[in-house]
Amino acid sequence: MKQLDKDHILASTQNTEYTLELFESIGSTNDYLATLTPGRLPRFCVAEQQTQGRGRLGRNWYSPLGQNVYLSCQYPFQKNIASLAGLSLVVGLAVINILKHYLPSAELKAKWPNDIVYENKKLAGILLNVQAESNGFCSAIVGIGLNVNMIEDIENHIAQSWTSMRKIVGNYVNRNDVCILLIDSLLKYLKRFADIGLSGFMQEWQEVDSLFGKKVNIKSMTGSVTGIARGIDSLGQLLLESSSGVVSAFSTG
Ligand code: BTN
């Protein structure tokens, strides 16, 4: 197992306008960044292992030592919180963008709102936290858990069906290279999102939307709704067509 190498990563990305911290072990890279006041530059945190890795909806994110990539980025936006709608979808596209480099012919899909899947098995997950600032602007903490070299989960830590880059490519994958590509890709996508918002990514989303045309059931606080997925709206909400043909939008809440 090759360890992550901070100096190598810093020296190899095309973009140099960010800071990076690397931990051997940490509770959660997202939680760590949440303790820091946002600066002018994007701030990345990567860990070899997380002991309290967090997933969406209060779930855990299994984060064994040295196998996968656990990466978070604190990104300062000169925007208010409302204008970040759709950000998590754009982060998903940034992840798929680097995965295509390794898996050019694989059917990589984004499953609204936050999963990256291959043959319906989860390859990566995204956790987003938004921090409001006193000046009316905000910053986002974007956390990415990408299964890279994990090939087994003997103790059944993971409840849903999953896969990893190594399982798909059939070979060990260099995690330093994955981090380098991921940092450059994220910075590119986040900058574009800051400049033009979700509208610049609608077509790219359509190309990888795993739910489109499928029957979907959404559970909310008020009950559950079933319909046929019809893509997303300009706020990144999922569009569902009911049996009577009415299309309604649903957010992740
Ligand atoms: C999900 O699909 O439930 C989201 C998983 C997000 C996991 C990543 S790993 C890096 C960052 N730190 C965390 O504690 N969680 C995110």
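Read the numbers this way: they start at 1 and go in the same order the structure lists the ligands and their atoms.
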Query raised in the report: Do Arg166 and Tyr172 meet the cation-pi criteria used here (NZ or CZ under 6.0 Å from the six-membered ring centre, within 45° of the axis)?
Result: no

Query raised in the report: Any sub-3.5 Å donor-acceptor pair from Tyr118's side-chain atoms to Trp162's backbone N or O?
Result: no

Query raised in the report: Quick one: do Glu21 and Lys6 make a salt bridge, cutoff under 4.0 Å?
Result: no

Query raised in the report: Is the shortest distance from a Lys or Arg side-chain nitrogen in Asp184 or Lys188 to a carboxylate oxygen in the other one below 4.0 Å?
Result: no

Query - Carboxylate-amine/guanidinium contact Lys109 Asp209, below 4.0 Å - result: no

Run the side-chain donor-acceptor check on residues 36-46: report pairs under 3.5 Å with partners two or more places apart or on a different chain.
from: Arg43; atom 1: NH1; to: Thr37; atom 2: O; distance (Å): 3.0
from: Arg43; atom 1: NH1; to: Gln74; atom 2: OE1; distance (Å): 2.6

What are the polar N/O contacts of ligand 1 with the protein below 3.5 Å, with distances?
from: ligand 1; atom 1: 2 (O); to: Lys122; atom 2: NZ; distance (Å): 2.5
from: ligand 1; atom 1: 3 (O); to: Arg56; atom 2: N; distance (Å): 2.7
from: ligand 1; atom 1: 12 (N); to: Thr29; atom 2: OG1; distance (Å): 3.0
from: ligand 1; atom 1: 12 (N); to: Gln50; atom 2: OE1; distance (Å): 2.9
from: ligand 1; atom 1: 14 (O); to: Ser28; atom 2: OG; distance (Å): 2.7
from: ligand 1; atom 1: 14 (O); to: Gln50; atom 2: OE1; distance (Å): 3.4
from: ligand 1; atom 1: 14 (O); to: Arg54; atom 2: N; distance (Å): 2.7
from: ligand 1; atom 1: 15 (N); to: Arg54; atom 2: O; distance (Å): 2.7

